[in-house]
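None of these values were measured; they are calculated from a predicted model.
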Amino acid sequence: MKDSKTMHISGAEAVIRCLLAEGVDLLYGYPGGAIMPIYDELYKFRNELNHVLTRHEQGATHAAQGFARTSGKVGVAMATSGPGATNLVTGIADAQIDSTPMVCITGQVASHLLGSDAFQETDIIGISTPVTKWNYQITKASEIPEIMAKAFYIARSGRPGPVLIDITKDAQFELFDFAYEKCKGVRSYQPVPPMQISQVEAAAEIINKAQKPLIVWGQGVILGEAEEEFKHFVEHTGIPAAWTILGLSALPTSHPLNMGMVGMHGNYGPNLLTNECDVLIAIGMRFDDRVTGNLATYAKQAQIVHLEIDPAEISKNVHADFPVLGDCKKSLAALTSLVQPKELTAWKAKFAEHMQTEMEAVIKKDTQPTKEGLTMGEAIVAINKHTGGDAVIVTDVGQHQMIACRYAEFIRSKSNVTSGGLGTMGFALPAAIGAKMGAPDRHVVAVIGDGGYQMTIQELGTIFQTGTAVKIVVLNNDYLGMVRQWQQLFFDKRYASTEMTNPDFVTIAKGYHIEAKRVEKREDLDAAVAEMIASDKPYFLEVCVEKEDNVFPMIPTGASVSDIRLQ
């Protein structure tokens, strides 16, 4: 006897009903032969489930990432078999290393053709295994409800990440009795380790003894929705705090205890003082090599407290003297109740002193230049002025990314969307589309270099078709700027294959019916940015900047954080 909730439907319809049951109302993708049955069902449900046709499957994954990062929901991307599936892999890898919840659905050749080198067949399960949190190939329609439920549970739970579900074409056509139940747990998978109060107490004891403590926080604060608990911890303790690139915006940039960014192009003070602090409190970060520099010299004098949800990250790169496993929303609250407020006047004065040094040596040159050509920093300052620090800033990868992260102002969380761990050029334009759809009430400004922009420039077509009011700022220096900087500093100015001969970006944007303008002179920048932000439609702004500007401070690869250079 059938359950009252059971329907006799095709596997393809089941996929759509699973998505709806999980609260999905928006997904990104590109159709093809092996996934056509699902697209046919999607057409029937088009009033309930909005599909955005990107111009490339990679664009679909980056858009899903952007959507997930601003909405806090699971992003969904869909593609066909073969090249459609393999084109998803870069975005999946990006989501894996940046802990972005995403479910990707791929079509596959019929099950009797598996392993036969059939047309558009690739082993996407084998290919994607290293870059997914979990993947699975469905060959029977009856598997769809359980596997889809498990996919969403795994993608969003604990430390989030991407899941790929590959569905053979015959499973999409096959009829079966469908019923759906959300997944509430998976055997042997513990997404959130239980918090041990003894670990919290041990951490609190060492923090209370600290004379020169430093907090370094990462994206775990945002993913754990622990911004309020984190802010309360910082303000209660009075401890200076610095962020990794993905942690940016969890605490307002103007907060008096926000000391700036750590890492290769981070701020002078927090980098130098990492090797002077006596207790380093790491919260929801993974001690990436771009943060630590040479591990042999990183914070060797400090006791390390590490609040982390993923046990695999504890002592992976930097030994944690006091690990605190669990959800940081809970562990931060517990820790705050046990730690004592601190004055730390002399310690905080050191950060202020180093910031003044950086202001004179670097920041004024970036944001208040005296030379003729425009700087990247000036463009970011103008964006701050006309958005009040309340925009979502989506960045690609390169010099512009570092400048934007250094100088963008943020007053609320989930405002910085960038490719952190994988460093994917081409990320920003499609990610901005998803970010705007995930936060439709906010200004979304994509800041992109002329190199990365051309890697996914076809997504202007997606913007045109959907009317998504993304603001695109290309900082054009006619170079692959970050590579050129390294060539200048470490390869005797041998600019091998980094100079760009660029097209007319404004004409291209206008070809997609997107309003566009080019700025070459300082006196025109402010009005152009004001016009862009005031527009309620998509807008493209090209800012022609100095060709050989560099990003400082800088920690050379393999060097200690103490070796940070101001020039």
Side-chain angles (χ1 to χ4, degrees), residues 15-29 42 45-54 59-79 88 91-92 94-105 132-134 147-165 180-184 191-192 219-228 246 249-250 284 309 327-329 392-394 412-420 427 430-442 444 462 466 468 470:
V15 171
I16 304 302
R17 292 191 178 276
C18 291
L19 293 173
L20 292 171
E22 290 291 343
V24 176
D25 56 11
L26 175 67
L27 73 158
Y28 304 88
L42 184 61
F45 286 85
R46 62 190 181 277
N47 292 327
E48 300 170 67
L49 192 52
N50 180 26
H51 175 269
V52 175
L53 175 64
T54 56
T61 52
H62 293 327
Q65 287 178 273
F67 173 81
R69 296 271 284 272
T70 57
S71 70
K73 300 177 182 178
V74 177
V76 181
M78 195 157 67
L88 296 176
I92 293 171
D94 195 287
Q96 172 77 343
I97 201 165
D98 282 355
S99 304
T100 304
M102 182 164 67
V103 170
C104 293
I105 301 164
T132 48
K133 192 175 177 184
W134 183 62
I147 297 304
M148 290 289 288
K150 191 181 289 188
F152 277 88
Y153 175 75
I154 291 173
R156 66 164 68 99
S157 60
R159 181 180 181 175
V163 171
L164 183 137
I165 304 301
Y180 194 74
E181 185 177 342
K182 284 192 174 185
C183 181
K184 297 178 181 177
V192 182
Q219 191 186 199
V221 172
I222 298 170
L223 294 174
E225 298 182 342
E227 292 94 340
E228 283 304 311
L246 291 177
S249 84
I309 198 170
D327 181 346
C328 70
K329 191 176 182 71
V392 176
I393 305 293
V394 185
R412 58 168 148 164
S413 188
K414 293 188 177 71
S415 296
N416 172 53
V417 178
T418 194
S419 173
F427 171 87
I433 297 170
K436 179 64 177 176
M437 292 179 175
D441 60 324
R442 301 186 66 189
V444 174
T462 307
T466 60
T468 308
V470 172

Would you say that Leu27 contacts Ile105 through its side chain, given a criterion of any heavy-atom pair below 4.5 Å between the two side chains?
no
Note: Ala155 and Val103 closest approach over all heavy atoms is CB-CG2, 4.0 Å
Distance col, row Cys183:SG vs Arg156:CZ, nearest 0.5 angstrom, shows 10.0 Å
When every non-hydrogen atom of Pro162 is compared with those of Ile92, the smallest separation belongs to CG-O, 3.5 Å
Decide yes or no for Phe45 and Arg17: does some side-chain heavy atom of the first lie under 4.5 Å from some side-chain heavy atom of the second?
-> yes
Value for CG (Leu223) from CG (Leu246), rounded to nearest 0.5 Å, stands at 8.5 Å
Heavy-atom nearest pair, Val394 first then Ala431, reads CG1-CB, 3.9 Å
Note to self: I want to check something: taking the side chain as every heavy atom from C-beta on, are Ile165 and Trp134 in contact at a cut-off of under 4.5 Å?
What the structure shows: yes
- Could you tell me whether a side-chain N or O of Lys73 sits under 3.5 Å from a main-chain N or O of Gly438, the two making a donor and an acceptor? no
Considering only heavy atoms from C-beta outward, does the side chain of Lys182 approach that of Phe152 to under 4.5 Å? no
Interatomic distance, CG@Leu26 vs CG@Leu49, rounded to 0.5 Å, equals 8.0 Å
Distance col, row Thr468:OG1 vs Lys436:NZ, nearest 0.5 angstrom, shows 9.0 Å
Quiz item: Would you say the side-chain atoms of Thr70 pair up with the backbone N or O of Ala435, donor to acceptor, closer than 3.5 Å?
Solution: yes
When rounded to the nearest 0.5 Å, the distance separating CD of Glu225 from OG of Ser413 is 9.0 Å
Do Thr462 and Val52 have side chains that get closer than 4.5 Å, going by heavy atoms? yes
Worksheet item: Asp98 side chain to Gly420 main-chain N or O, any donor-acceptor pair under 3.5 Å?
Response: yes
For a side-chain contact (heavy atoms from CB on, under 4.5 Å) check, start with the C-alpha distance between Ser415 and Arg442, then their side-chain angles and the critical distance, and finish with the verdict.
CA-CA 10 Å; Ser415 296; Arg442 301 186 66 189; 2.8 Å; yes
Tightest non-hydrogen contact, residues Glu48 and Leu20, listed as OE1-CD1, 3.7 Å
Does any non-hydrogen side-chain atom of Val76 lie less than 4.5 Å from one of Phe67? no
- Task: For residues Glu22 and Val74, determine if any side-chain heavy atom of one lies less than 4.5 Å from a side-chain heavy atom of the other.
- Result: no
On a heavy-atom basis, the closest approach of Val392 and Lys414 is CG2-O, 4.0 Å
Worksheet entry | Donor-acceptor contact below 3.5 Å, side chain Arg46 vs main chain His51 | no
Original post:
Does some side-chain heavy atom of Leu42 sit less than 4.5 Å from a side-chain heavy atom of Met78?
Top reply: yes
Smallest heavy-atom separation, Thr61 atom then Cys104 atom, equals CG2-SG, 4.2 Å
Separation between NZ (Lys133) and OG (Ser99), nearest 0.5 Å, reads 8.5 Å
